[in-house]
Amino acid sequence: MLPFIKALWEPKAIHRLDMAMGTVVTQLVYGKGAREAVEATAKELRRLEKLLSFHDPDSDINKINASAGLKPTSVHPDVISVLNTALRVSELSMGAFDVTVGPLVRLWDFRSPHPTLPDMGDIKAGLALVDYTSIDITAEPPMVSVSNPGQSIDLGGVAKGYVTDRMAQTLGAHGVRSACLNLGGNVLVIGVKPDGKLWEVGLQHPAGEQGKYFAVVRAADKSIVTSGVYERYFEFAGERYHHIIDPRTGWPAESGVISTTIVGESSALADAVATTVLVMGLAHGIELVRRLGLEAVVVTTDSRIYVTDGLTDSIHFVPGLNPSLI
Ligand code: FAD
Ligand code: MG
């Protein structure tokens, strides 16, 4: 088809939905070449899922885990990049974020149809294996080793963000200037909407059903990543146990924070920091957010909402809510 006729036929927007990484991944992409861009991005999603999954026995992550305490593993450079972001946040949070939390995540098996509380002895043994300083990385050639047998890396707190960044890069390489990606709460917007207005990203109400928002953030070229203790949990003997583990106790974090939204450039960094604030709590979490030049919306157990001052012009709350500036 002649190029100008093809341009006339070009649809205004391409919307694609994939199931990946245990969640729904949506792409809304505008402009010429959107269809090819979306296809390429879906391929990139599959490639990275295969590389980074804790659940896939052939992933680079599981190869590293199988060689823990034995030998270094040759990995794809993407694994080095995502681990570098994870380790940076681990250091800055003094281990509140720790991707070697794998043994504890396995004990708290949130995917089981009949989850129970782990044995205290097992938690103690698991805690002894959690230590991000045991990860050793070389960039050239890309290799990763973990010091002790039984240790295992779980990128659940950061990889969705990393994949979002890479998908956005793929769209960019195809000339896309207006798009919105959503990987189960990891939202990234490219440019502005085709009508020139800012994108509007709803923030999930921690106590409401899926899709009930308590605020909207208006943004261009930003990642808006939300983590909440309500995302994955089970109930046992009347108590709720969620999936963000405090690496100091081995138990679901009880920091007084139930939901955190981070706004920044890098989705990987925003993802890791959103998880970290749920472990560190409001005061220390906001300190970390400021240090990294990010913005945040934090909801606490007592239903208070805190917003960093850099967001005041771009966030709009549903009527009746009285957020505090922090
Ligand atoms: P976040 O707050 O971003 O992360 C929470 C997750 O981080 C926890 O689930 C745990 O994995 C990890 N974590 C907990 N505590 C800490 C801590 N202190 N420091 C660091 N990390 C911590 N789910 C499925 O059900 N099926 C799948 O096949 C599947 N495949 C996946 C493949 C990939 C590559 C990835 C990245 C995830 C996959 N998942 C899958 C989802 C995964 O199991 C997590 O549930 C998900 O990543 C949590 O994301 P979140 O945004 O809800 O929470
Ligand atoms: Mg996270």
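In listed order, ligands and their atoms are each counted from 1.
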In plain terms, say whether [X] and [Y] are close enough for a salt bridge, that is, a side-chain N and a carboxylate O under 4.0 Å apart.
| X | Y | result |
| --- | --- | --- |
| K124 | D122 | no |
| D154 | R106 | no |
| R47 | E44 | yes |

Does one hydrophobic cluster hold both V105 and V146, with members joined at side-chain heavy-atom distances below 4.5 Å?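 Looking at the clustering, V146 is in a separate group from V105.
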[X]: numbered ligand 1 atoms lying under 4.0 Å from its heavy atoms:
| X | result |
| --- | --- |
| V101 | 13 (N), 16 (C), 21 (N), 22 (C) |
| D154 | 10 (C), 11 (O) |
| S227 | 1 (P), 2 (O), 3 (O), 53 (O) |
| T275 | 1 (P), 2 (O), 3 (O), 4 (O) |

Nearest-contact summary for [atom] - protein heavy atom, Å:
| atom | result |
| --- | --- |
| atom 38 (C) of ligand 1 | M21 O, 3.3 Å |
| atom 7 (O) of ligand 1 | G157 N, 3.0 Å |
| atom 51 (O) of ligand 1 | K160 NZ, 3.0 Å |
| atom 36 (C) of ligand 1 | A159 CB, 3.3 Å |
| atom 27 (C) of ligand 1 | H55 CD2, 3.3 Å |

Does even one non-hydrogen atom of A274 get within less than 4.0 Å of ligand 1?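 For ligand 1, residue contact (heavy atoms, under 4.0 Å) with A274 is absent.
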Please confirm whether P247 approaches ligand 1 to less than 4.0 Å, judged on its heavy atoms.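 Checking ligand 1 against P247, which is what was asked, there is a heavy-atom contact under 4.0 Å.
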For T301 and G256, indicate whether the former's side chain and the latter's backbone hold a donor-acceptor pair under 3.5 Å.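 Here the side-chain-to-backbone pair exists.
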With the Mg ion (ligand 2) at the centre, find the angle made by O from G157 and OG1 from T275, to 10°.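 That angle works out to 100° after rounding to 10°.
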Closest to the Mg ion (ligand 2), which N/O/S atom of D271 is it?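 Checking each N, O and S atom of D271, the shortest distance to the Mg ion (ligand 2) belongs to OD1.
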Does the ring of Y233 carry R240 above it, NZ/CZ under 6.0 angstrom from centre and within 45° of its axis?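 The answer is yes; both the distance and angle limits are met.
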